[in-house]
Every structure is written in C-alpha cells, then in structure tokens.
Amino acid sequence: MTPITQWICCHLGAREHYAVPRALHRRARLRMMVTDAWVRPGNPVAHIPGQLSRRLAERYHPDLESAEVRDLTLSLVRHEVEWRLQRRAGWDALIARNEWFQNAAANLLAECETRSSERIAVFAHSYSAGAIFRLAKQRGWLTVLGQIDPGEEHFAMVRRLADAAPQYGAAPLGPPIEYFARWREECALADHIVVNSEWSREAVTRAGVAAARLRVLPLAYEGRSDQPAPPHVFPESFTSERPLRLLFVGSVSVVKGAAALLEAMTLVAGLPVTLRLVGEPGMVIPPRFPQQPAIEFVGAVPRGEIGAYYASSDALVFPSHSDGFGMAQIEAQAVGLPIIASRSCGRVVENGVNGVLLPEVTADAIATAIRSLVARPAVLAHYASHAITSQPSALTQLGAELVGLVEA
C-alpha cells in the first residue's frame with residue numbers, strides 16, 4: 001500500500017495568508033510548518049515598540065492553531081536587530097534574510113525524525129529554498145517550489161520600463177548575479193514548481209525552466225461568511241461632490257503601472273475622479289502629481305488597515321506590467337470592489353463581468369477605462385454584483401491540487 005504523503009511547509013513570511021499550509025492542514029496532510037515568525041494572540045513579542053512588532057503582530061492565522069508550527073521568532077528578532085546595526089538594506093538585507101531562514105529551517109528539519117514508511121513532500125518559496133531542498137534530497141523527500149514572481153523576466157522588464165520613462169527615476173538596483181544563480185539551483189532541486197499565473201509560467205519558461213515541471217495554481221481566497229461585506233452603493237452619476245474614487249494598492253512603481261496610472265489621471269483631468277495610492281514609493285514622483293488635489297499619496301499602511309481603503313473606494317486599478325499574481329485583486333473582490341486590471345498578472349478579472357481588462361498598460365488605455373466608468377456608474381454596480389466575494393472551496397481545491405501534484 002502506497003503511504004500517504006505528509007507535507008512540511010517552510011514558510012518565510014505570511015505570503016498568501018498561509019494558504020498552502022492551511023489548505024494542506026484542512027486535508028490532514030500538514031505534518032509541520034516551519035516559519036520565521038509566529039505570534040499567537042497574547043504573545044508579548046507583539047508589544048515590543050517599533051515597526052518590527054507591528055509586523056510580528058500579523059504573523060498568525062487561526063486556521064493553523066491546531067497545526068504543528070515550529071517558529072524562529074526570537075532568532076528573527078535577534079537577526080533583524082543585527083542587520084539594522086550593520087546597516088544592511090535592500091537586496092543585501094533581503095538575501096541575508098533568505099539565507100538565514102533556509103539555513104535555520106534546514107537545521108531544524110535535520111533534527112526531525114521520520115519513519116521509513118513515511119512519504120514526505122517539502123514546500124518552500126523561491127529564493128529561500130536551496131538549503132531546505134538540499135536536505136530534503138538527502139532524506140529522499142519530494143520537493144515543491146512555490147515560485148513567488150515571474151523571475152528574471154520581471155527584472156529585465158523593470159529596466160526596460162525605466163529606460164523608457166526616465167522622468168520617474170532610474171531602474172531600482174536589481175538583484176546580484178548570484179541571486180538567480182541560486183534560484184536556478186532551487187529549480188534544479190525541485191521536483192515540482194508551482195506558479196500563481198499564466199504570466200509567471202510563461203516568464204519562468206522563457207528563463208529556461210521546462211514547462212512540464214510547472215503547474216499553475218492561482219491564489220486561493222475564502223471570504224468570512226460571518227462577516228460579509230456590506231453592499232457598495234454607487235451614485236446615479238459622479239459629480240465633483242461625489243467623484244469616482246479609484247484606489248491603487250501596492251508598490252508605487254513604474255513596473256506596477258503607477259506611472260501609467262498617474263499619466264492617465266492627467267488625461268482625465270476635469271472629470272469627477274480621485275485617486276488614492278496606498279503603498280511604499282518605488283519611483284521618483286514628479287512634483288506635478290502631488291500638487292493635484294485629485295491624487296493622494298497615502299504611503300504604506302499596516303495590513304490590518306488596508307480594508308478601510310477598499311471599503312471607501314469605487315474601483316481598484318491594478319495596471320501592473322508584471323506581477324506573479326496580485327493579491328490586491330483578491331482583497332478587492334472580497335469586498336465587492338470592481339477592478340481595472342492588466343493582463344500581466346493573475347487572472348481575476350473577467351472582462352465586462354467583474355471589471356475591465358486593459359488591452360495594454362498605457363496611460364491612454366487606463367484613461368479610456370476611467371472615462372467609461374465615469375460615464376456609466378451602473379456598470380460599476382454590475383461589476384460589483386459579480387465580484388468574487390467568496391470562494392467557499394478555494395482552499396479545498398488548492399489542497400486537492402497540491403496532493404494530486406505529488407501523488408500523480
């Protein structure tokens with residue numbers, strides 16, 4: 001009799017709201033989750049003053065309360081302090097964190113006792129999986145890589161876009177050569193590679209990874225049935241007193257389409273439209289935009305506060321040139337918010353049903369979509385009524401797909 005596969009998830013960060021371990025735990029397949037930080041309610045670590053404590057306070061999910069979770073919280077806090085004292089930032093800090101986590105997780109797993117009759121699959125996210133997978137191979141375990149982005153193609157696009165729009169600043173410093181060298185090693189060690197969108201699959205394939213080893217599994221979202229989103233009310237017409245309220249969530253950068261969106265706002269000047277941009281700045285903002293009363297730059301906000309911005313908006317604009325999926329789309333749909341989205345991300349929008357798919361990411365295309373919504377508020381109500389506010393079987397389906405992947 002073939003043994004049932006049990007999974008170990010090595011989870012750096014709270015990516016996708018812990019969807020993979022939650023899905024596996026629901027199917028009684030999660031043997032263990034190893035994560036960098038896990039702060040249960042009431043843990044005093046969450047009350048340490050500063051930004052780190054605010055981040056730690058969000059590192060928990062009640063769906064995994066009964067799961068075996070091995071965390072490295074105290075080690076993370078110690079290392080974060082050391083990295084700050086060493087003034088490590090940018091790619092240097094990110095790579096240091098990735099290296100620390102995979103080595104610490106591998107050391108923890110090396111002490112994990114398993115029965116010879118057990119079949120183990122190890123899941124880890126890209127760029128922090130190498131040491132984990134090397135240990136897994138020594139143990140004869142299956143390896144599944146969760147690819148978090150479109151890979152090298154994404155950074156090549158960042159450079160091309162910056163060259164085409166120098167007024168928004170030079171391209172941000174990309175990763176060093178060894179970053180993708182290590183990634184290629186991870187891909188070679190992975191028995192299976194999971195991506196969240198067709199866009200990522202195409203990009204990773206162009207980097208030389210065999211398409212047969214890739215599986216597209218969209219992000220899973222399950223709304224809370226005990227807290228349904230109140231229906232959104234749209235006016236019969238948009239006016240200067242009640243304008244169309246657009247929202248952008250994410251890195252305010254050229255590659256995420258923020259530059260094209262700002263240019264589009266210039267093209268629709270005079271129409272009753274406002275725009276809020278919520279997220280860390282990732283480009284130079286020409287001074288003419290902050291001076292426009294219709295545009296508000298909010299900056300980064302804690303994860304727990306983002307819901308208020310969705311609730312007070314009429315539509316999310318997600319014009320990314322390249323995105324592994326785009327969690328903001330899922331969050332927006334959960335509260336019934338229509339979306340204007342690009343095609344270079346996870347496919348959440350069905351054009352003309354729950355939003356608008358842009359033919360291309362340009363100021364003209366975005367402005368055309370905005371004008372259409374201003375002119376026809378009833379269309380927004382139609383999109384909102386077809387929003388994917390809940391996917392009752394999303395995690396169940398994700399768990400089935402993952403189990404089937406290693407047991408096929």
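What you see is a predicted model, and the numbers here were worked out from it, not measured in a lab. Side-chain atoms are counted along with the backbone in the values below, which use heavy atoms only and exclude waters and symmetry mates.
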Chemist: Could you check whether His11 and His125 have their ring centres less than 6.0 Å apart?
Modeler: yes
Chemist: Classify the side-chain pair Thr143/Asp191 by whether it contains a donor and acceptor separated by less than 3.5 Å.
Modeler: yes
Chemist: Aromatic rings Phe180 and Trp183: how do their planes relate, parallel, tilted or perpendicular, breaks at 30° and 60°?
Modeler: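 Aromatic pair Phe180/Trp183 classed perpendicular.
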Chemist: Give me each pair satisfying ring pair (Phe, Tyr, Trp, His ring centres under 6.0 Å) with a member in residues 232-256, each pair once, sequence neighbours excluded.
Modeler: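 Only His232-Phe234 qualify under ring pair (Phe, Tyr, Trp, His ring centres under 6.0 Å).
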Chemist: Report yes or no: does Ser372 contribute a side-chain atom to a donor-acceptor pair with the main-chain N or O of Thr368 at less than 3.5 Å?
Modeler: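 Side chain of Ser372 to backbone of Thr368, a donor-acceptor pair under 3.5 Å: no, none is there.
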Chemist: Is any side-chain N of the basic residue among Arg29 and Glu407 closer than 4.0 Å to the acidic one's carboxylate O?
Modeler: yes
Chemist: Is there side-chain contact between Leu316 and Ile340, with heavy atoms separated by less than 4.5 Å?
Modeler: no
Chemist: Judged by atom type as modelled, is there a donor-acceptor pair below 3.5 Å linking the side chain of Asp314 to the main-chain atoms of Leu246?
Modeler: no
Chemist: Taking only residues two or more places apart in sequence or in another chain, which ones pass side-chain hydrogen bond (donor to acceptor under 3.5 Å, both in side chains) with Thr205?
Modeler: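 Testing Thr205 for side-chain hydrogen bond (donor to acceptor under 3.5 Å, both in side chains), a comparison that skips the adjacent residues, returns none.
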Chemist: Is there a donor-acceptor contact under 3.5 Å linking the side chains of Trp38 and Thr73?
Modeler: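 No, no side-chain donor-acceptor contact under 3.5 Å.
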Chemist: Do any N or O atoms from the side chain of Glu186 and from the backbone of Gly130 form a donor-acceptor pair under 3.5 angstrom?
Modeler: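 Confirmed, Glu186 side chain pairs with Gly130 backbone.
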Chemist: Side chains of Gln6 and Trp141 only: does a donor on one sit below 3.5 Å from an acceptor on the other?
Modeler: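 No, no side-chain donor-acceptor contact under 3.5 Å.
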Chemist: Donor-acceptor pair, distance only, cut-off 3.5 Å: does the side chain of Thr239 make one with the backbone of Glu241?
Modeler: yes
Chemist: Do Arg245 and Thr274 get their side chains close enough for a donor-acceptor pair, meaning under 3.5 Å?
Modeler: no
Chemist: With a 3.5 Å cut-off and sequence neighbours excluded, list the donor-acceptor pairs that the side chains of residues 155-175 form with protein atoms.
Modeler:
from: Tyr168; atom 1: OH; to: Glu263; atom 2: OE2; distance (Å): 2.6

Chemist: Compute whether any side-chain donor of one residue and acceptor of the other, for Arg201 and Ser197, lie under 3.5 angstrom apart.
Modeler: no
Chemist: How about Asp149 and Tyr127: does a side-chain donor come under 3.5 Å of a side-chain acceptor?
Modeler: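 Side chains of Asp149 and Tyr127: pair found under 3.5 Å.
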Chemist: With a 4.5 Å limit on heavy-atom distance, are the side chains of Thr35 and Arg59 in contact?
Modeler: yes
Chemist: Which residues pass the side-chain hydrogen bond (donor to acceptor under 3.5 Å, both in side chains) test with Arg70, not counting sequence neighbours?
Modeler: Glu68
Chemist: Output all residues satisfying side-chain hydrogen bond (donor to acceptor under 3.5 Å, both in side chains) with Glu296, sequence neighbours left out; order by chain, then residue number.
Modeler: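 Glu296: side-chain hydrogen bond (donor to acceptor under 3.5 Å, both in side chains) contacts with Arg276.
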Chemist: Provide the full list of side chain to side chain donor-acceptor pair (under 3.5 Å) pairs with a residue in residues 341-362, sequence neighbours left out, each pair given once.
Modeler: Gln333-Asn354
Chemist: Within a reach of under 6.0 Å around CZ of Arg242, are more than 12 heavy atoms found that belong to other residues, nucleotides or ligands?
Modeler: yes
Chemist: Do Leu262 and Leu275 have side chains that approach each other closer than 4.5 Å (heavy atoms only, starting at C-beta)?
Modeler: yes
Chemist: Using atom types as modelled and distance alone, determine if a side-chain donor or acceptor of Gln102 lies under 3.5 Å from a backbone N or O of Ala131.
Modeler: yes
Chemist: For the pair Arg182 and Glu185, find out whether any cationic side-chain nitrogen is under 4.0 Å from an anionic carboxylate oxygen.
Modeler: no
Chemist: So, does His61 use its side chain to make a donor-acceptor pair with the main chain of Asp63 at under 3.5 Å?
Modeler: yes
Chemist: Answer yes or no: is there a donor N or O on one side and an acceptor on the other, between the side chain of His25 and the main chain of Pro21, under 3.5 Å?
Modeler: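 Not confirmed, His25 side chain does not pair with Pro21 backbone.
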Chemist: Without hydrogens or angle criteria, can the side chains of Tyr310 and Glu331 be said to hold a donor-acceptor pair below 3.5 Å?
Modeler: yes
